[in-house]
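A short write-up of the structure that comes next.
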Amino acid sequence: MNDLIWGVVGLLLTIMILSYLIGDNVFFRFAAHIFIGLTAGFVAVMLINQILIPYFVTPIVTGGWQQWLWMLIPLGLILLLVMGQWSKFASAGSIPLAYLAGLTAAVAVGGAVFGTLIPQARAVIEAFDPAGWYAVPGRSWLRVMDALVMLVGVIGTLSYFHFGKRRSTDDVVESPDPPRLMRALGKIGQVFIGITLGAVFASVFSSALIALIDRVLFVGEIILKLIGGG
Amino acid sequence: MAGLICPECGAENPVEAERCQECGAPLIEKSQRVDEQLAGLPEDPLDFLAQADDDLPGLLHALKHEDDQAPLTEPPGGEESVPPEGDEPVDSSEEPEAEETLPEWLIRVRQRAQEEEDSVGEVTQKLVVAQDHLKEDISTSQHENFSSWIEGIREEDGAKESEPAEETAKKTETGAEEGSSEDKDWLVKIRKMEGKFIEETDQEIKDTDGDSLLQWLVALEEGTEQPEALDETPELVDEASVDLPAEGDDADEDHIQQSEAVLKGDELEVTQLTMVAAPTPPVEQPEPPLVDVTRSEQQQADQLTATIADEKAARAVVKSRKAKSTWAIRLIVDVVLIGSVVFSLFFREPAVLPVAPMPSQHEDMISWIEELPADARLLLVFDYQAAYAAEMALVAEPVLEEVIHPGRQLSVLYTSPMGELLSRALLSEIGADRDVLTDDLGYHPFSAFTAYQAGISAPAAWVIPSLPKSGRTFLADDYEGIILLSDTFEGARVWIDQLSALMPGTPLNLILSAQAGPMLMPYYDSGQVSGMISGVGEARNFSAAEGGSGAILIRWRAYQTGILLMVTLIVTGILFSSSQVDDDGEVNA
């Protein structure tokens, strides 16, 4: 019985959201506000239960004096962040934010360099390894073509995002037109970027279609249950 | 002070100059000669007109020569011309001496005017009106340049003009009335000289509207003065804008009212306004103090100036195209789409998936699954939002059915707030009835930090005594493999970056939504990812290879129908929009 009740509630909310197909209306806004409120409340509860209590409250309550000392660090950062809400102590709030931003940048830059930049550059270079070309007999020309296309795509895409500036003799930064070769490679890069974004767009379309199919299937199943056909 | 006007080129020169600074022509002799000529002008301005016959238009030339060739018409009654009764010859009573000096052709013209009032007589009267204007032209002939004309007025008003600037400023401060009275005297003088001219000109235009000859005569006058005055207008307007009297000055208000009345006329009257306002002595502006400007400051100032100029630059007005109401089209399309999906879901048999050749990333994932030990420990990372739950469930179902077996340990963590609910829903469908030990590692808000924490493989070096532990710490080295479920490229890339750099020996497999797949393929090609599967299309192949069953079979036909319909809509939209552009011709592809 509970499943049926919650199923009907889900059916009504789904129809309210789908009513946006004929334009913005009060039913859509009502359902949207319900979802926004539920999400905000759920996230708040999640943060309290999953972050604050296990990582902050529990060590203080159950730990010894040494753990209390350790907890002074996050406590001080929290205090500074709260003080930043007053204009008189606004600069104090920037200290924990600077710590967080610096830490995030360090982790992200390290990961991007050692996890993307170097491995991807090495992959492009290794594509021209003759040992790899002849690893599969009879398809070596495909690997050569693959390597060439990859190389042209990398160079073309990097050329397209080239924003060169030149410092003239009077110390004025100028942004001249890129060289003709760079422009030509940039045009080729545009083709690769266009193909990539087109594939991403089609994939987004596909994901949305699956969501629609799932909702239509859900509505149909609930209706069949209500009329006794399911 | 008035300058000397070069008779050769018309340039203005200082009074003491002997030769023109422009063309080098001698100024003193010629100016004296001009003065003598002006002094010796006959009383009758028509004689002056005759002397300056080079300036006469062809019409007057024709009139003159015609009369020269024709024999003198003897007036009836002897040699003496006796005017008819009641009709005296023009100017004959007023200027008898000048009558003797008149040329014969003009006498004939006047005679003809007496005989035929409607033809030549009218012309003669108009010429007489033009005489008055030419008299004033003579008085101002030394001021061919407008600025020299102003200077001439200032000379006549020398006493007031010679006041030092300090006194002028003092007057301005002490009271507006005194200054206004001076301005008023000065303005009265201008009005006396020019106001009459304008009134007469207006009256002429009104009286002789449509008369081409008189219009030409007026144009003759304007041609000698107006262009020069107009050339001076911008400069004079600037002066006027600086020196206009303050509000509340009655005399100046009166002056402004009169000037505005003049403004109702044509351009010549606008010039008159500037002429009235211009001669007010300019107030000296204090020089700005010298400021040391660094190069960077100068660059910033230049950039600001360029930005302001760019903002003020004239741009083509973009014609906003009012969006047509397409809600009906959208509704039809939506109904067709939903209807076709409903038909495919509920009125057609489930698809039979053919076995298609599998891409290498699928083969590698299947190989990794087959090589897993029976008691393998796996880490499952949920990094997708609730909106993609349906797709992620379809893609993950065939993989997780092969992975989750009794005896294996499964650790779950999630980086999205809804991850706990999503993981429970997915695992309950797949492994609820199986003996799988599941460890919930909880919610970790920051993917980068979580991935970094998972990748640190040297805990011994980082152990800090008495550091609080939450009981949820984990080390990725403890797992035989990691399966990441993600709906975005960015979320998956963070995990790939950290794990492939910090612990390259641990296999990482990806289960992705369709939108994340294309951008992550290079990570598989580079070997950073062991295997991957993205989207329902690839999941279908995987499911077919593994026996093919489940929810994906039910949805596959609807998916095909929807994709076909969407492609059709996109192509139709492209064709429709391009044809619309051609029709309007406003947008260029």
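Atom set for the values below is all heavy atoms of this structure, side chains included, hydrogens, waters and symmetry mates excluded. Order of the sequence lines fixes the chain letters, A, B, ..., with proteins taken first and strands second; residue numbering starts at 1 for each chain.
Both the backbone and the side chain of I213(A) have a heavy atom closer than 4.5 Å to some heavy atom of chain B. Contacts between F489(B) and chain A at a heavy-atom distance below 4.5 Å are absent for every atom of the residue. Heavy atoms of M392(B) lying under 4.5 Å from chain A are absent altogether. Heavy atoms closer than 4.5 Å to chain A are found in the side chain of P518(B), but not in its backbone. Looking at S207(A), both its backbone and its side chain come within 4.5 Å of chain B, counting heavy atoms on both sides. Only the side chain of F201(A) comes within contact range of chain B, judged by heavy atoms closer than 4.5 Å. Within the 4.5 angstrom heavy-atom criterion, atoms from both the backbone and the side chain of Y559(B) approach chain A. With a 4.5 Å cut-off on non-hydrogen atoms, F114(A) touches chain B through its backbone and its side chain both. Both the backbone and the side chain of E391(B) come within contact range of chain A, with heavy atoms under 4.5 Å apart. Heavy-atom distances place no part of L18(A) under 4.5 Å from chain B, backbone and side chain included. Using a 4.5 Å cut-off between heavy atoms, I563(B) contacts chain A through both its backbone and its side chain. Using a 4.5 Å cut-off between heavy atoms, T62(A) does not touch chain B at all.
The local environment of OH in Y134(A) is sparse, with at most 12 non-hydrogen atoms from other residues, nucleotides or ligands closer than 6.0 Å. Atom CZ of F346(B) is surrounded by more than 12 heavy atoms from other residues, nucleotides or ligands within 6.0 Å.
The greatest number of non-hydrogen atom pairs below 4.5 Å with chain A, out of V536(B), D525(B), D487(B), is found for V536(B). Options V567(B), V335(B), L421(B) differ in how many heavy-atom pairs under 4.5 Å they form with chain A, and the most are formed by L421(B).
With sequence neighbours left out, R330(B) forms a salt bridge (Lys or Arg N to Asp or Glu O under 4.0 Å) with no residue at all. With sequence neighbours left out, Y20(A) forms a ring-ring contact (aromatic ring centres under 6.0 Å, His included) with F28(A).
Salt bridge K225(A)/E221(A): absent, no basic N to carboxylate O contact under 4.0 Å.
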